[in-house]
2 protein chains.
Amino acid sequence: MEKVTKGHVFAIGEMSRRTGVNIETVRYYEKIGLMPKPNRSEGGNRLYNDVQLQRLYFIKRCREIGFSQSEIRALLSMVDHDNITCAEVYSVTTAHIADVRQKIKDLRKLEKVLSQMANECSRGDVPECPIIEALFE
Amino acid sequence: MEKVTKGHVFAIGEMSRRTGVNIETVRYYEKIGLMPKPNRSEGGNRLYNDVQLQRLYFIKRCREIGFSQSEIRALLSMVDHDNITCAEVYSVTTAHIADVRQKIKDLRKLEKVLSQMANECSRGDVPECPIIEALFE
DNA sequence: ATCGGACCTGTAGTAGCTACAGATTCAAGG
DNA sequence: CCTTGAATCTGTAGCTACTACAGGTCCGAT
């Protein structure tokens with residue numbers, strides 16, 4: 001007979017490899033409560049299964065998309081309590097989109113200011129720099 | 001006779017008020033070495049002058065424009081050592097502009113992904129949410 | 001049995017501040 | 001001169017989202 005746990009239980013290294021999430025980050029997510037406490041081997045090593053892997057992957061995707069810890073916490077708690085409604089998820093998402101759009105706006109403004117400053121600059125070997133002057137006002 | 005120090009020496013509260021930089025942040029800048037250690041009153045309160053005020057203002061403007069601590073440190077050290085050349089300042093600035101542009105690009109991509117996800121969402125009262133599904137892949 | 005790689009805990013560091021607690025100082029009014 | 005309350009002091013902890021150790025233990029293959 002084959003191992004009962006074949007393909008179903010694995011250590012933190014495999015979690016990390018398969019999700020692309022750094023080992024210390026996996027432990028960190030456990031510490032802050034995004035990931036549940038896993039079972040342990042007799043020696044004390046963490047043992048994970050596919051469900052936990054999927055959850056970690058979900059967290060990773062959320063981070064890539066720029067959701068904050070608390071946003072992820074909100075999404076996960078809906079998932080966990082099985083009381084997701086599309087409308088709720090939608091509202092978390094659109095709030096996040098608004099954030100992103102605001103950040104883009106701010107950065108564009110910034111880029112304009114910086115470019116203007118840079119354009120006025122002679123790039124020369126001289127100590128009078130309009131950029132520095134602009135920063136001192 | 002008027003006070004000798006008229007308009008020239010003031011406490012941290014005035015620094016804060018006049019620059020718009022939070023008191024604790026002023027102390028923080030001192031701690032991390034962006035601001036020099038100021039003189040103290042007999043009782044130990046910090047005493048500032050206009051030169052320091054100008055420096056604080058410079059730091060504030062740099063932060064507003066998104067320069068990082070180490071970028072500010074670089075700019076300030078040029079100012080301090082009086083070996084600014086326009087070319088050096090220009091290179092710090094253009095590097096920063098490149099950063100900003102990259103951030104804008106990344107955020108635009110993000111916005112696209114998020115908007116697509118949100119568009120596919122029914123906003124309904126149902127527990128099947130394409131956003132969550134997308135995040136689980 | 002041994003050996004090296006994987007894993008453990010716990011702490012400190014990163015940026016860029018903010019927010020206290022608990023003590024002291026300052027400046028203005030009586 | 002003394003009191004009072006605002007301002008300031010130091011020092012520490014918290015925030016987000018991790019990363020990077022140190023110094024030890026465990027696991028699995030030979």
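Just so it is clear: chains get the letters A, B, ... in the order the sequence lines come, proteins before strands, and each one is counted from 1.
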List for me each residue that meets side-chain contact (heavy atoms from CB on, under 4.5 Å) alongside Arg17(A), sequence neighbours excluded, and say none if there are none. Glu14(A)

Filtered N/O pairs between nucleotides 20-22 of chain C and protein, under 3.5 Å:
none

Please report the end-to-end axis angle for the helix from dA1(C)-dT30(D) to dG30(C)-dC1(D), five pairs per end, rounded to 10 degrees. 30°

Ring pair (Phe, Tyr, Trp, His ring centres under 6.0 Å) filter on Tyr29(A), not counting sequence neighbours, yields none

Listed partners of Arg123(A) passing side-chain hydrogen bond (donor to acceptor under 3.5 Å, both in side chains), at least two apart: Tyr90(B)

Tell me: CD1 of Ile23(A) to P of dA6(C), nearest whole Å? 8 Å

Within residues 62-69 of chain A: residues closer than 4.0 Å to DNA chain D (heavy atoms): Arg63(A), Ser68(A), Gln69(A)

Just distance, no hydrogens or angles: give the donor-acceptor pairs under 3.5 Å from side chains in residues 32-48 of chain B, sequence neighbours left out.
residue	atom	partner	partner atom	Å
Arg40(B)	NH1	Gly44(B)	O	2.8
Ser41(B)	OG	Gly43(B)	N	3.4
Ser41(B)	OG	Gly44(B)	N	3.3
Ser41(B)	OG	Asn45(B)	N	2.9
Arg46(B)	NE	Glu30(B)	OE1	2.7

Please name all residues satisfying side-chain hydrogen bond (donor to acceptor under 3.5 Å, both in side chains) with Lys105(A), sequence neighbours left out, ordered by chain then number. none

Phe58(B): partners by ring pair (Phe, Tyr, Trp, His ring centres under 6.0 Å), with sequence neighbours left out: Phe136(A)

From the options dA17(D), dC9(D), dT18(C), select the nucleotide whose nearest atom is closest to the side chain of Tyr28(A). dA17(D)

I'd like to check the side-chain hydrogen bond (donor to acceptor under 3.5 Å, both in side chains) partners of Asp106(A); sequence neighbours left out, ordered by chain and number. Gln102(A)

Got a sec, which residues hit salt bridge (charged side-chain N to carboxylate O under 4.0 Å, His left out) with Glu111(B), two or more places apart in sequence or on another chain? Arg101(A)

Got a sec, which residues hit side-chain hydrogen bond (donor to acceptor under 3.5 Å, both in side chains) with Glu133(A), two or more places apart in sequence or on another chain? none

